Amino acid sequence: MWCSEFEYVAVSKAGNGYFYCSACLKDVACSHMGRADVQRHCAGPRHIQSVSDIKTRATMNMDAYVDKSLLETSNLLFPHKNFYVAAYG
């Protein structure tokens, strides 16, 4: 199939006439034009936005997800560069 050629494309559980887009989280039909269906999907605005969202989330600083007041009241978390690590033991 086209898994190695296109990023976010995987084999679909829906069958041979589909591929799974892991960026858009959906099965997309490719039985009509095959590779051209995959190219058209990957060039579409929804896919482009989904990929952009994934890359934005991946590069965000994890500090935004941590309630810093927890650091003052608990010894369970400690900062390590751009993320927090749970302390065990």
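Predicted model, so just to flag it, every value in this text is computed and none were measured.
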>> Can you list everything that forms a ring-ring contact (aromatic ring centres under 6.0 Å, His included) with H47? Sequence neighbours excluded, please.
In response: H41
> For the side chain of S12 and the backbone of D27, is there at least one donor-acceptor N/O pair under 3.5 Å apart?
Replying inline: no
>> How close do V51 and A23 get, counting heavy atoms only, and between which atoms?
In response: CG2-CB, 3.9 Å
> Does a side-chain heavy-atom distance below 4.5 Å link V9 with Y20?
Replying inline: no
> Taking atom CD1 of I48 and atom CG of D53, what is their separation to the nearest 0.5 Å?
Replying inline: 12.0 Å
> With side chains defined as the heavy atoms from C-beta onward, is the minimum distance between V28 and Y18 less than 4.5 Å?
Replying inline: no
> Are the side chain of S50 and the backbone N or O of R46 linked by a donor-acceptor pair below 3.5 Å?
Replying inline: yes
> Could you give the distance from CD (Q39) to SG (C30), rounded to the nearest 0.5 Å?
Replying inline: 12.0 Å
> Distance from F19 atom CZ to R35 atom CZ, nearest 0.5 Å?
Replying inline: 12.0 Å
> What residues, two or more places apart in sequence or in another chain, satisfy salt bridge (Lys or Arg N to Asp or Glu O under 4.0 Å) together with R40?
Replying inline: D37
> Given side chains that start at C-beta, do those of V11 and C3 come closer than 4.5 Å, heavy atoms only?
Replying inline: yes
